[in-house]
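Just so you know, these numbers use all the heavy atoms, side chains as well, and skip hydrogens, waters and symmetry mates. The shown structure was predicted, so the numbers you read here are calculated from the model rather than taken from an experiment. So you know, we letter chains A, B, ... as the sequences are listed, proteins then strands, and number each from 1.
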Amino acid sequence: MSSYDFQTIESKWQAEWATKQIYKTTIDHSKPKFYALDMFPYPSGAGLHVGHPLGYIASDIVSRYKRLNGYNVLHPMGFDAFGLPAEQYAIQTGQHPAVTTEENLTRYKEQLNRIGFSYDWDRELRTTDPKYYKWTQWIFIQLFESWYNVKTDKAESIDALITIFENEGNVNIEHNGEETENFTAEGWENKSRQEQEAVLQCYRLAFQKENTVNWCEELGTVLANDEVKNGLSERGGHEVTQKIMKQWYLRITAYADRLLDGLNTIDWSDSIKETQRNWIGKSQGTQIDFRVEISDLRLGGALPNLTSKVTDLKIEVFTTRPDTIFGSTFMVLAPDHELVSQITTNVQRAEIEAYATIANNKSELERKKDKSVSGVFTGAYALHPFTQKKLPIYISEYVLSGYGTGAIMAVPAHDDRDHAFAKKFGIEIIQVISSKDEIDIQKQSYDANYGKLMNSENFDRLTVKEASQAIIQLAEERRFGTKKINYKLRDAGFSRQRYWGEPFPIVHQDGIPTVINELPLELPPVDSYEAKGTTESPLANNAEWVNIPRGRRETDTMPGYAGSSWYFLRYMDPNNDQEFVGKESLEYWNQVDLYIGGTEHATGHLLYSRFWTKFLCDRGHISFDEPFKKLVNQGMIQGESKFIYQVCAERRDPYTIQALPLDAKWLPVFVSAHKLDGIVPKDNTEILNYIRSNFDIPFEVNQVAIRRFRIPSILVDGDKVHTNELTEMWNHHKLEELLPAHFMHKESFSATTEVEKMSKSKFNVVNPDDIADQYGADTLRLYEMFLGPLEDSKPWSTKGIDGTYRFLKKLWALFYDQDGTAQWNDTTASKDSMKTLHKTIKKITDDINAMSLNTSVAQFMICVNELGSQKCQNKTVLEQVLVLLNPFAPHITEELWNAIGNKGFIADATWPAYDEKHLIESSKVYPISINGKTRTNLEFPLDMSKDEIEKNVLANEIVQKWLDGKPPKKVIVVPGRIVNVVM
RNA sequence: GCGGGCGUGGUGAAAUUGGUAGACACGCUAGACUUAGGAUCUAGUGCCUCACGGUGUGAAGGUUCGAGUCCUUUCGCCCGCACCA
């Protein structure tokens, strides 16, 4: 072959690899294993864009590298295919989501295969496949039939727990679940089945509970906390409101501590670990009881006068600052705190109820936006446990029912939010911690947790730390307080009111959820994928399926993260229909050695997977309790969106000066970006004047509406817009259903660029197929790696892709000259070539281990440049370079490997051994600096003594010139590195 | 507010434990070859300066023989979490 014909080469070898199944993986106990995994994609209708393969290429490089180093590598790929987009599409078209999913998936696979990944497609899995979700349902059942035993610190069987209840009640049980009343064996026996189940629900790791949930009306489903971003649904960006519903939950909170501790044992980035720690949100503090005093006619009974009574009611508060308790001057409850209605006095009732109603019905978004200080007095007072002072009790939105106890002791002097509240309601502010700097506590709170106590009776002059301990101790002695740990982490909502998800293997029988053991429980057909206006899933539409002799089936389905929480296990043994994974496979493949994916799953998928893994480990199904040993987060490849301006000018009839009928009234005009950039943020009158005077609009313009208008990036070259094609797209209603547009400034119509997330709706998607067509998959692979560090986000740009393409052509030229004559032979390699080769072996090996793949590519370029100028024709050297490059550019290396006479596949070759002897130098060119600035270079033997070097350096004429006759103060000689003369 | 990260040429970026800042590319300039090609090759390219030389890693200090790297202060940007008591 005379020139590098990537098209022929790539399709040839891809076909060859597939037929010979060279990436098929089986257990081989004679080899060490390596499990490299990518976060599997959701196959959307938009297809892959150039951002997807970034991580896939990196994991493929590592996989191929490990294989060349003698590892048995598991490198699978699959699809996370349950989810909303397919279902939304089904709602619009009536087409079954399985059909669209299948189509998208086929396209994804085609695109992936073009890039030359070493996947074992026999292990492909899809979360939507009943053979797969059979085991998702099975794991759910295991969760349902387990509880968390605090004494053994692990999940155990619920049947064993029932036996304990039957024998001794629950007095000796400590569990990580809902609080329950104590009962004896007899008490248990006396309960009805429903009552017993209600108790068990407090223990089970999969359970139902009535709770405030994130409800998204537009999507018709409940969402988990991590699926809500800034008060809007992550998918689609729809409004989310709070609603009380009965839902399935997974008791992830039982694992809070272990999820936290486990982070110390895994090799993940600090930022992801920190995000998870943050999300779990452990805080140590104190729970303190405040008794309630109510002054009310109601309690006075027949007596007409106002009566005050100290009640038995206690308000429990959680605080991390028990040391500030003497500064507490009021209390605040969450508006939906359970004691609110009991303690509210008649006088205050109307106001309290009005406030609570508004607060409880606010959407997530409204709540986040509104940070103003508000609240209402309940009329009740709490008694300070130390001073017995009466503290007014308020309700306010700034106290959340979901965290701690939903009640706080407010310390305005030392908490910013309490301070703001106290100022607004005129409540006393008492400083109890002294600050170093002079501050006016009436104006500003002092939130720092250091200083000495004041105004705190016997505790004065203790430090914050000492006082905390002393106060907790006293509180415990007097039995009104105790140490307490709180978490921000909430139990994970597991119900979705959707069709396209795993059905729960549950039948409700007389109000008792019971398990269906015949799995898989397949999704039944339904007439409509919609159940708008109800809070039920579309499955409820199929009455025949729902109502069975045993009872009523659960109609909710599982959330998207169900299938993805354990998929990495299934790859080990994807076709097993007896077990979720066979024991031998589990033992052999074990943990994922390298997991690559985006940071967007930091608190969702990555936390749930860890939770499921720990659970499965507890119940003896697997032997490890962290799923992913090493995690690498690839950065996002962003797209470059192109904008021009659209001016809608109001058109008036020139004769009647009347506005024209609606359809002809607004005439959209596109304006080149360079005409309006910098003008647009100003007011409309100015723009109107500008438009009138600078543009030739063939009618009277009285009003304009102007906006930035995103156009497909393919219509832009640099910043130049192809107006003809834009006109065409516009006229064919491909952009928006509007009137034909008039274009302005056709001659030099420009667009501005903005970097955004790559997405179909932003018209900025770059398809890897296009790159593969133009340059080939090997160039694409190298280029994506060369772009910069894997973890960094960067905008996609094809600037520079020529460099990597040229590199491959230069590589080719080492093997064939322009006429296609073979260049390699068996003459001995030069010393320089051996040096180049071994330098490269070392650098590439180190770089792959450090995941520094961009610098690897640079080293390959150096290597090929050097071998080129050395005119290296040595077959062995060239061959070893091919092996080194193979993980990065599998096609061209396979082709050349075969061309020079090797049988079989380069994937089965051996990674070249690094031999330091080729790099050993006898001398070193020392940079000679004077006062730290390099002035010259001098070569000395490496074994020359420091004194000898110093002598030689000082004798040098350039050094002499700089010294200017003065003696040097000091000469620093660092052998093998540098010489610095200080004067 | 809290947590994590980042600031280096015209551009993407390199730089082990502190040891020649800008590797490798893109782009640009000049040249060569050529029945003008977006091909290939050669040379140059941080900035200022004809040059000697000076200067240079967001800014200001500090430690050091020597700082992109360590310390302090400060400015700017990105990401995550957030009335979390």
Original post:
Of the nucleotides B:rC65, B:rU40, B:rC24, which has the atom closest to the A:Phe786 side chain?
Top reply: B:rC24

**OP:** For atom NZ of A:Lys282, decide whether the heavy atoms of other residues, nucleotides or ligands shown that lie under 6.0 angstrom number more than 12.
**Re:** yes

Subject >> Euclidean distance, atom CG of residue A:Leu853 to atom P of B:rA25 [Å, nearest integer] >> reply: 18 Å

Subject >> Separation of atom CG in A:Asn865 from atom P in B:rC24, rounded to whole Å >> reply: 8 Å

Subject >> Rounded P spacing from B:rU57 to B:rU11 in Å >> reply: 16 Å

Subject >> Sugar-phosphate, base or nothing in reach of A:Val971, heavy atoms under 4.0 Å >> reply: nothing

**OP:** For B:rA25 versus B:rA43, give the span between their P atoms, rounded off to a whole number of Å.
**Re:** 13 Å

Subject >> First encountered from the 5' end of RNA chain B, between A:Asp270 and A:Lys809 >> reply: A:Asp270

Original post:
Looking only at atom C1', what distance separates B:rG38 and B:rA21, rounded to whole Å?
Top reply: 34 Å

**OP:** Would you indicate which nucleotide in B:rG54, B:rA13, B:rU20 comes nearest to any side-chain atom of A:Lys794?
**Re:** B:rA13

**OP:** Give a yes-or-no answer on whether the side chains of A:Glu939 and A:Ser923 include a donor-acceptor pair shorter than 3.5 Å.
**Re:** yes

**OP:** Scan every strand shown for a Watson-Crick or G-U wobble partner of B:rU20, both distances under 3.5 Å, and answer none if you come up empty.
**Re:** none

**OP:** Could you tell me the separation between the CG atom of A:Asp792 and the P atom of B:rG7, rounded to a whole number of Å?
**Re:** 9 Å

**OP:** Can you tell me the pairing partner of B:rC81 across any strand shown, Watson-Crick or G-U wobble, with both distances under 3.5 angstrom?
**Re:** B:rG1

Subject >> Per A:Leu400 side chain, nearest of listed nucleotides B:rU40, B:rC83, B:rU20 >> reply: B:rC83

Original post:
Could you give the CZ-to-P distance, from A:Phe290 to B:rA85, as a whole number of Å?
Top reply: 17 Å

Original post:
If you check the A:Trp279 side chain, which of B:rA23, B:rU55, B:rC81 turns out closest?
Top reply: B:rC81

Subject >> Out of B:rU20, B:rG4, B:rC65, whichever nucleotide has its closest atom nearest the side chain of A:Ile978 >> reply: B:rU20

**OP:** Nearest-nucleotide wise, let me know which of A:Val857 and A:Gln774 is further upstream toward the 5' end of RNA chain B.
**Re:** A:Val857

Original post:
According to the Watson-Crick and G-U wobble definitions, with both distances under 3.5 Å, which nucleotide is paired to B:rG31?
Top reply: B:rC41

Subject >> Atom P, compared across B:rU8 and B:rA15: separation rounded to whole Å >> reply: 15 Å

**OP:** Hunt down the Watson-Crick or G-U wobble partner of B:rG56, both distances under 3.5 Å, from any strand shown, or write none.
**Re:** none

Subject >> Whole-Å distance separating the CZ atom of A:Arg806 from the C1' atom of B:rC26 >> reply: 8 Å

Subject >> Base paired to B:rC26 (Watson-Crick or G-U; both N/O distances under 3.5 angstrom) >> reply: B:rG10

Original post:
Under 4.0 angstrom, heavy atoms only, what part of the nucleic acid is A:Lys970 near: base, sugar-phosphate, or nothing?
Top reply: sugar-phosphate

Original post:
Considering the options A:Lys835, A:Lys839, A:Lys871, which one meets the salt bridge (Lys or Arg N to Asp or Glu O under 4.0 Å) requirement together with A:Glu866?
Top reply: A:Lys839

**OP:** Name the nucleic acid region contacted by A:Asn854, choosing base, sugar-phosphate or nothing; use a 4.0 angstrom heavy-atom cut-off, strictly under.
**Re:** sugar-phosphate

Subject >> NZ or CZ of A:Arg610 within 45° of A:Trp279 ring axis and under 6.0 Å >> reply: no

Subject >> Shortest side-chain distance from A:Lys799, nucleotide among B:rC65, B:rU11, B:rA25 >> reply: B:rU11

Original post:
What nucleotide, of B:rG3, B:rG54, B:rA13, holds the atom closest to the side chain of A:Asn278?
Top reply: B:rG3

Original post:
Heavy atoms under 4.0 Å, any strand shown: does A:Arg935 hit a base, just sugar-phosphate, or nothing?
Top reply: sugar-phosphate

**OP:** Give one of base, sugar-phosphate or nothing for A:Asp418, where a contact means two heavy atoms less than 4.0 Å apart.
**Re:** nothing

**OP:** Sticking with atom C1', work out how far B:rU34 lies from B:rU40, rounded to a whole angstrom.
**Re:** 10 Å

**OP:** Can you tell me, in whole Å, how much space there is between the C1' of B:rG4 and that of B:rA51?
**Re:** 50 Å

Original post:
How far, in whole Å, is B:rC6 from B:rC52 if one measures between their P atoms?
Top reply: 38 Å

Original post:
In terms of ring plane angle, is the pair A:Phe807 and A:Phe860 parallel, tilted or perpendicular, where the classes change at 30° and 60°?
Top reply: tilted

**OP:** Kindly point out which of B:rA13, B:rC83, B:rC26 is positioned nearest to the side chain of A:Glu397?
**Re:** B:rC83

Subject >> Pair A:Thr821, A:Asp819: side-chain N/O donor-acceptor within cut-off below 3.5 Å >> reply: no

**OP:** Report the distance from atom CG of A:Asn486 to atom P of B:rC83, rounded to the nearest whole Å.
**Re:** 15 Å

Original post:
Heavy atoms under 4.0 Å, any strand shown: does A:Leu787 hit a base, just sugar-phosphate, or nothing?
Top reply: sugar-phosphate

Original post:
Between A:Phe425 and A:Phe330, does a ring pair (Phe, Tyr, Trp, His ring centres under 6.0 Å) hold up when you go through it step by step?
Top reply: CA-CA 11 Å; A:Phe425 291 91; A:Phe330 61 103; 8.3 Å; no

Original post:
B:rG80, B:rA23, B:rU11: which one has an atom nearest the side-chain heavy atoms of A:Ala858?
Top reply: B:rA23

Original post:
Is there a donor-acceptor contact under 3.5 Å from the side chain of A:Thr804 to the main chain of A:Ile801?
Top reply: yes

Original post:
Out of B:rA85, B:rU20, B:rA14, which nucleotide sits closest to the side chain of A:Thr855?
Top reply: B:rA14

Original post:
What is the pairing partner of B:rG68, taking Watson-Crick or G-U wobble pairs with both distances under 3.5 Å in any strand?
Top reply: none

Subject >> Under-4.0 Å side-chain N/O to phosphate OP1/OP2 contact, A:Asn980 with B:rU64 >> reply: no

**OP:** For B:rG4, decide between syn and anti, treating a glycosidic angle within 90° of 0 as syn.
**Re:** anti

**OP:** Please state the P separation for the pair B:rC33 and B:rU45 - nearest whole angstrom.
**Re:** 24 Å

